[in-house]
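These notes concern the structure reproduced below.
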Amino acid sequence: MATVRVQQGAFDIGAEIAALGAGRADIGGIGCFVGTVRDQAHGRAITAMTLEHYPGMTEQAMARIAAAAEARWALLGCTLLHRVGELRPGEGIVLVLAAAAHRQAALDATGFLIDWLKTRAPFWKKERFADGQEGWVDAREADDTAAARWGALG
Amino acid sequence: MATVRVQQGAFDIGAEIAALGAGRADIGGIGCFVGTVRDQAHGRAITAMTLEHYPGMTEQAMARIAAAAEARWALLGCTLLHRVGELRPGEGIVLVLAAAAHRQAALDATGFLIDWLKTRAPFWKKERFADGQEGWVDAREADDTAAARWGALG
Amino acid sequence: MTAAPRPLRVLYFAWMRERVGTGEEAVQPPAEVDTVAALVAWLRTRSPRHEAAFAMAASVRCAVNQDFADPDTTVAPGDEVAFFPPVTGG
Amino acid sequence: MTAAPRPLRVLYFAWMRERVGTGEEAVQPPAEVDTVAALVAWLRTRSPRHEAAFAMAASVRCAVNQDFADPDTTVAPGDEVAFFPPVTGG
């Protein structure tokens with residue numbers, strides 16, 4: 001039921017939401033999160049962000065994350081899209097959608113999906129700074145803490 | 001900074017998200033909630049939903065709700081759209097967007113905005129059932145409980 | 001000496017509108033009617049429909065000049081006072 | 001008698017790829033190398049770049065056959081073993 005996709009191109013959020021709800025009227029609410037490339041990090045200007053991933057494992061990990069959300073909430077559908085390659089500030093990196101009969105399930109599942117996607121799917125970000133230097137983004141402890149809210153990383 | 005609108009026609013979610021992020025690259029995440037008309041309530045089939053509101057007060061109440069979210073989180077923008085008139089199952093009723101540098105603020109503000117919109121803005125729903133009967137939707141105690149999470153209804 | 005009447009604009013929404021039979025009326029209660037509670041008591045005497053509409057007073061909400069109000073909120077000449085069920089938008 | 005070599009496909013991502021200098025290599029460690037920890041110890045002897053890449057072992061994560069693994073996870077002939085920094089997607 002979940003839609004999981006790794007792609008180079010931009011995503012069309014309206015089309016993804018429409019696809020999730022197409023032909024059904026049992027959905028009461030859709031939660032959504034879009035992560036976008038910021039133009040700075042730690043006070044340094046960023047000109048580009050490159051996303052690398054582990055083809056094969058990525059899709060499996062995303063499908064598992066979606067399945068975990070579906071096991072936890074009565075979802076009527078969910079969508080996980082993640083871009084790879086070189087992105088510019090302002091562009092979308094990741095899109096998460098969760099549809100349910102009631103809003104709290106949709107919103108909670110949305111938070112869960114993005115927390116787990118950040119900590120359990122094999123993507124890595126490299127930033128290019130305005131001065132030409134590049135650097136891999138460090139994993140944030142705050143992301144692990146956020147993901148751990150949902151229970152053990154089993 | 002907030003966009004607040006009451007409208008009869010459908011909203012274009014992709015366009016609203018694009019408008020929120022237009023010309024800026026300091027946004028790290030956008031939280032979103034779309035409420036849609038379900039095709040049944042309490043086991044009865046619904047053929048239409050009519051939304052009535054209190055023109056004038058509605059816009060003020062929505063602006064206040066947006067201001068409360070902006071006072072509570074470091075938002076880089078938020079959008080509240082609510083439709084009125086007759087809607088069909090599957091159609092969007094309400095759209096909430098909240099943009100922030102970090103995802104938790106965006107997601108928390110999204111939850112807050114929809115909780116308060118449901119309890120503090122003067123809209124009323126009337127359902128038309130498949131058998132032709134009509135009935136005003138009762139306020140849900142669960143909505144008051146959800147709204148109260150964010151503090152006193154001051 | 002009789003107190004001067006107080007012109008008020010009263011609005012009704014949702015099932016309050018249907019029960020009262022109108023969405024809006026201009027009323028002139030006596031000057032003693034200076035709170036929401038007093039206005040409700042006075043409006044109930046206007047017709048059997050008003051009486052029936054306000055009978056479930058615990059379920060009726062009020063706004064004065066487009067701000068949520070409670071029974072103690074004061075009502076002054078020229079005010080816009082609205083009565084409606086608990087809101088159900090979103 | 002010498003144990004038969006164990007053909008493995010080893011992948012590197014992000015800064016592990018850059019430090020080792022390749023994204024993928026086929027290796028044949030001896031049969032005693034049957035856990036992730038043992039494989040790491042063996043890979044470190046292959047070149048100064050491997051040694052340098054694995055020097056920050058606490059920051060290196062591993063997957064065996066596309067499943068997150070830990071030092072005790074067993075490694076068998078034909079497995080795909082990947083090393084990478086903590087993930088930073090989303």
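Reminder, nothing fancy here: chain letters follow the sequence lines and each chain counts from 1. Excluded from the calculations below are hydrogen atoms, water molecules and symmetry mates; all remaining heavy atoms, backbone and side chain alike, are included.
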Record all donor-acceptor atom pairs with a distance under 3.5 Å between chain A and chain B; write none if the list is empty.
unit_1   : atom_1 : unit_2   : atom_2 : d
A:Ala25  : O      : B:Asp39  : N      : 2.7
A:Ile27  : O      : B:Thr36  : OG1    : 2.6
A:Gly28  : O      : B:Thr36  : N      : 2.9
A:Ile30  : N      : B:Val34  : O      : 2.8
A:Ile30  : O      : B:Val34  : N      : 2.9
A:Cys32  : N      : B:Cys32  : O      : 2.9
A:Cys32  : O      : B:Cys32  : N      : 2.9
A:Val34  : N      : B:Ile30  : O      : 2.9
A:Val34  : O      : B:Ile30  : N      : 2.8
A:Thr36  : N      : B:Gly28  : O      : 2.9
A:Thr36  : OG1    : B:Ile27  : O      : 2.7
A:Asp39  : N      : B:Ala25  : O      : 2.7
A:Arg103 : NE     : B:Asp115 : OD1    : 3.0
A:Arg103 : NH1    : B:Asp143 : OD1    : 3.0
A:Arg103 : NH2    : B:Asp115 : OD1    : 2.8
A:Arg103 : NH2    : B:Asp143 : OD1    : 3.4
A:Asp115 : OD1    : B:Arg103 : NE     : 3.0
A:Asp115 : OD1    : B:Arg103 : NH2    : 2.9
A:Asp143 : OD1    : B:Arg103 : NH1    : 2.9
A:Asp143 : OD1    : B:Arg103 : NH2    : 3.3

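Proximity to chain B is absent for every atom of A:Val94, based on heavy atoms less than 4.5 angstrom apart. If you measure heavy-atom distances from B:Val37 to chain A, the contacts under 4.5 Å come from the backbone alone. Looking at B:Ile17, the atoms closer than 4.5 Å to chain A (heavy atoms on both sides) all sit in the side chain, from C-beta outward. The contact between A:Leu107 and chain B is made entirely by side chain atoms (from C-beta outward), counting heavy-atom distances below 4.5 Å. Using a 4.5 Å cut-off between heavy atoms, A:Ala22 does not touch chain B at all. Both the backbone and the side chain of B:Ile30 come within contact range of chain A, judged by heavy atoms closer than 4.5 Å.
Contact count versus chain B (heavy atoms, under 4.5 Å) is highest, among A:Gly29, A:Gly90, A:Gly14, for A:Gly29. Between chain B and the options A:Val96, A:Ile93, A:Ile114, the largest number of non-hydrogen pairs under 4.5 Å is found for A:Ile114. Of all the listed residues (B:Ala142, B:Gly23, B:Gly92, B:Ala101), the one sharing the greatest number of non-hydrogen pairs under 4.5 Å with chain A is B:Ala101. Of the listed residues A:Ala25, A:Gly28, A:Ala18, the one with more heavy-atom pairs under 4.5 angstrom with chain B than any other is A:Ala25.
Atom SG in A:Cys32 sits 8.0 Å away from atom CG in B:Leu97 (nearest 0.5 Å).
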